[in-house]
Every structure is written in structure tokens, then in C-alpha cells.
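Data block below; observations after.
Convention: sequence-line order gives letters A, B, ...; per-chain numbering from 1. What you see is a predicted model; the values in this text were computed from it and never measured.
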Number of protein chains: 2
Amino acid sequence: MSDFKDFIGSDKGPQCPRIYILALSDTLNAISGKWKLPIIAALLRGVNRFKDLLDATEKITPRMLSKELKELEMNSIVERKVYNQTPVLIEYRLTKSGKDIANVIDSMIDWGMVHRTQAITKTDV
Amino acid sequence: MSDFKDFIGSDKGPQCPRIYILALSDTLNAISGKWKLPIIAALLRGVNRFKDLLDATEKITPRMLSKELKELEMNSIVERKVYNQTPVLIEYRLTKSGKDIANVIDSMIDWGMVHRTQAITKTDV
DNA sequence: ATGTTCGATATACAAAAGTATACTGATATT
DNA sequence: AATATCAGTATACTTTTGTATATCGAACAT
């Protein structure tokens, strides 16, 4: 298990390996932006078709959904399957990696919950 | 411990509590953007002064550093201490919450490492 | 022939995020 | 008087991200 703190916790300690930095920015890119997490959440719930994702992801436009799905596919987080029926059926599914992002999401929720409790003076609710 | 999967893993299961969604977006906002993580990393290493953060964070401009530090301070991730010496000394330090973000970073590195191994065809290195 | 569904794309625009470059004011040093 | 340091700010710009609205093409259904 990587431990970021061990690498950057002291001035003279070992430098954080470059591969960790790359892994970190991969992850940040994978979930950054307005729509990535809502889409991943819908996919985790079992929503798999373009139309259904449009409905499940409130206020997203088809342009953005198309763009985000392409990015997720390029990043091997989502796979796109085409079934040659009529009308054509296309399914988007999370890959193993895609499903595993739930672990990152959990740690983010944990931090956010504790942080909200600690920062009691926060104004935005 | 929160478990996102438990809430969004099934069609008929309970909805993900709104507070979890808020906690999640708090966390995402706290670390999103080009400079937040590099700045937090420098602070974790013990770099505390504006000038030193400028040097430690490659290519950042004073305008961006100032802006980001203000945001981190508003989010109770960083605290700013003024020492009335001459010349004036100002120190930025991570709060407890700020230090705890290392846990999120670790889980992001973990995911990123495994994902890089799995997505062997990735072109960007 | 006209309309409907699915899975999108096209064009134009607005807003947010980030960059480049120069400058400020207070104090101290030479 | 000129110069340097610290901690920023000011102004103008470019790039990236997101929105709004309309439309496309294939395959049916009526």
C-alpha cells in the first residue's frame, strides 16, 4: 500500500516516486469535472444506456454525456458495447477499474464527512 | 465507514444520502484544479512560506498561488499565520483536515497504480 | 409519407480556470 | 539615493470547460 505521507512528510526523506505522481493525476483526471462522478454513480446503479444516462443525470446535455463517455472510455473506465439489433442497442458498462473507483469515492466521502464536522463554521450547505 | 457501493449498487436499494453527496463534492472541490495537490504536497513536506511555495511549486505564478491559498484557507484546509516581524513573516500550515487529505491521496494513488497496470495499452506516460 | 425511437453530432456561445507580465508598499541594506 | 526582500495585487489575455438549441441517420410503426 502506497503511503504518500511517508514520501513527502519530511524535508530529507525520499522523494515521492514519479510513478505515484502520475497515478495520482490519472485518478484526479478520471473523476474531475462536473459530470464524471454523477455518470459513474449512475453506471454503478446499473444504468447503462445513453438515453437512460441522460435521464438519470439531471440537466446534462447529450453533447456533454457523449463527450464524457468518450473520455471515460479512452481512460478504460467505461466500455461501450454495440448490439446489432434494431433499433441498435448500445450499452455502457464500468470496467473492473471503473468499479474500483468506488473505493476512492468512499475515502473522499469519509474525509468530507469528518471535514464538515470539524469545519462547523462553513456557510455552504 | 461510509460505503458508496452499498447505496448505489442496486436499483432498489436505499438512495445515497444527500450528506454523502455533499461530502463527496466538498472533497472533489478541495483537490480539483491544476495546483491544489502540488501545493498540499509542498505544505506536507514542510514548505510554509509564500516565496518558498512559489519555488516549490514549479511554474505557478504568484497570482495563482495567492488565489489557491485563499481558497484552501476558506475551506479550512490551510491556516495563515502572520508574524509581525520585519520583514513580515507569513506562514501557511495545513490544518488537521488538511493533513488528513493524505488518506484520500493514498487511495487515489492506489487506484491509479492498479489502473495503470490494468490499462496496459495506455499511450500517455 | 409522416412520425417515433435510439444514439448521438453541429454550431454557436458563455463561463470558469489558468497564464503572462508588470507593479505595489513596507521595511531594511548598501 | 538606489537596491533588495517579502508578500502579494493589477490588468489583460488565452485556454478549457460547460451550455443552449437544433439537427442527423438508420430502422421501424402507423
Side-chain angles (χ1 to χ4, degrees), chain A residues 21 24-43 46-75 77-94 124, chain B residues 21 24-43 46-75 77-94 124:
Chain A
I21 300 298
L24 179 56
S25 72
D26 275 5
T27 311
L28 193 57
N29 287 336
I31 60 179
S32 280
K34 186 170 180 180
W35 298 113
K36 298 271 166 57
L37 284 177
I39 291 169
I40 289 169
L43 290 166
V47 180
N48 297 111
R49 300 174 64 178
F50 194 89
K51 190 80 190 304
D52 296 335
L53 287 166
L54 267 183
D55 295 343
T57 314
E58 273 181 44
K59 309 224 175 185
I60 199 173
T61 60
R63 182 190 194 281
M64 287 307 290
L65 180 57
S66 174
K67 186 171 152 287
E68 302 284 277
L69 285 171
K70 266 175 197 156
E71 286 176 31
L72 291 168
E73 201 191 344
M74 282 198 305
N75 284 316
I77 289 160
V78 159
E79 54 184 355
R80 182 177 185 272
K81 284 187 184 169
V82 181
Y83 298 89
N84 281 316
Q85 311 172 349
T86 52
V88 66
L89 171 62
I90 289 163
E91 281 189 344
Y92 294 93
R93 294 193 178 277
L94 290 170
D124 69 292
Chain B
I21 300 297
L24 179 56
S25 72
D26 276 4
T27 310
L28 193 57
N29 286 336
I31 61 178
S32 278
K34 186 169 179 180
W35 298 113
K36 297 272 166 55
L37 285 177
I39 291 169
I40 289 169
L43 291 166
V47 180
N48 298 110
R49 300 174 63 178
F50 194 89
K51 190 80 192 305
D52 295 335
L53 287 166
L54 265 184
D55 295 343
T57 313
E58 272 181 45
K59 310 225 174 182
I60 199 172
T61 60
R63 182 191 194 281
M64 285 309 289
L65 180 57
S66 174
K67 186 172 152 286
E68 302 284 277
L69 284 171
K70 267 175 195 155
E71 287 176 31
L72 290 168
E73 202 192 342
M74 283 197 306
N75 283 317
I77 289 160
V78 158
E79 53 184 356
R80 181 178 186 272
K81 286 187 183 169
V82 181
Y83 298 89
N84 280 317
Q85 312 173 348
T86 52
V88 65
L89 172 61
I90 288 163
E91 281 189 344
Y92 294 93
R93 292 192 179 279
L94 290 171
D124 69 289

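Atom OG1 in A:Thr57 sits 11.5 Å away from atom CG in A:Leu37 (nearest 0.5 Å). In this structure, NZ on B:Lys59 lies 14.5 Å from CG on B:Leu54, to the nearest 0.5 angstrom. Interatomic distance, CD1 of B:Ile39 versus CD1 of B:Ile60, reported as 4.0 Å (0.5 Å rounding). Rounding to the nearest 0.5 angstrom, the gap separating the CH2 atom in B:Trp35 from the CD atom in B:Glu58 is 8.5 Å.
The nearest whole Å value for the distance from the CG atom in A:Leu65 to the C1' atom in D:dT17 is 16 Å. The CD1-P distance, from A:Ile39 to D:dG18, rounds to 10 Å in whole Å. If you measure from atom CD of A:Gln85 to atom P of C:dC6, you get 12 Å, rounded to the nearest angstrom. In this structure, B:Asn84 places its CG atom 13 Å from C1' of C:dT27, rounding to the nearest Å. A:Asp52 places its CG atom 12 Å from the C1' atom of C:dG7, with the value rounded to the nearest Å. Between the CD atom of A:Glu71 and the P atom of D:dT16 there is a distance of 13 Å, rounded to whole Å. What separates CD of A:Glu68 from P of D:dG18 is a distance of 6 Å, to the nearest Å. In this entry the distance linking CG of A:Leu53 with P of C:dA8 reads 10 Å, nearest Å.
In this structure, the side chain of A:Ser32 engages the main chain of A:Leu28 through a donor-acceptor pair within 3.5 Å. A:Asn75 contributes a side-chain N or O that, together with a main-chain N or O of A:Glu71, makes up a donor-acceptor pair within less than 3.5 Å.
Checked against D:dA7, C:dC6, D:dG8, the side chain of A:Pro87 finds its nearest nucleotide in C:dC6. Comparing C:dG18, D:dG8, D:dT19 against the side chain of B:Trp35 picks out C:dG18 as the nearest. Residue A:Ile90 has its side chain nearest to C:dG7 when only C:dG18, C:dA22, C:dG7 are considered.
Pairing each heavy atom of A:Arg80 with each of A:Ile90, the nearest pair is NH2-CD1, 3.4 Å.
Residue side chain A:Arg63 reaches the base of C:dT11 through a donor-acceptor N/O pair under 3.5 Å, judged by distance alone.
Regarding contacts with the backbone of D:dC6, every side-chain N or O of B:Arg49 stays at 4.0 angstrom or more from both OP1 and OP2. Phosphate proximity of D:dG8 to B:Arg80: present, with a side-chain N or O under 4.0 Å from OP1 or OP2. Checking the phosphate oxygens (OP1, OP2) of D:dA7, no side-chain nitrogen or oxygen of B:Tyr83 falls inside 4.0 Å. Close to D:dT9, at under 4.0 Å from its OP1 or OP2, lies a side-chain N or O of B:Ser66. For the pair B:Lys70 and D:dT9, the criterion of a side-chain N or O lying under 4.0 Å from OP1 or OP2 is met. Contact annotation: A:Lys51 does not reach the phosphate of C:dG7 (side-chain N/O to OP1 or OP2, under 4.0 Å). Taking only side-chain nitrogens and oxygens, B:Lys59 never comes nearer than 4.0 Å to OP1 or OP2 of C:dG18. Distances shorter than 4.0 Å separate some side-chain N or O of B:Thr86 from OP1 or OP2 on C:dA28.
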Report each atom pair, protein N/O against N/O of nucleotides 14-16 of chain C, whose distance is under 3.5 angstrom.
none

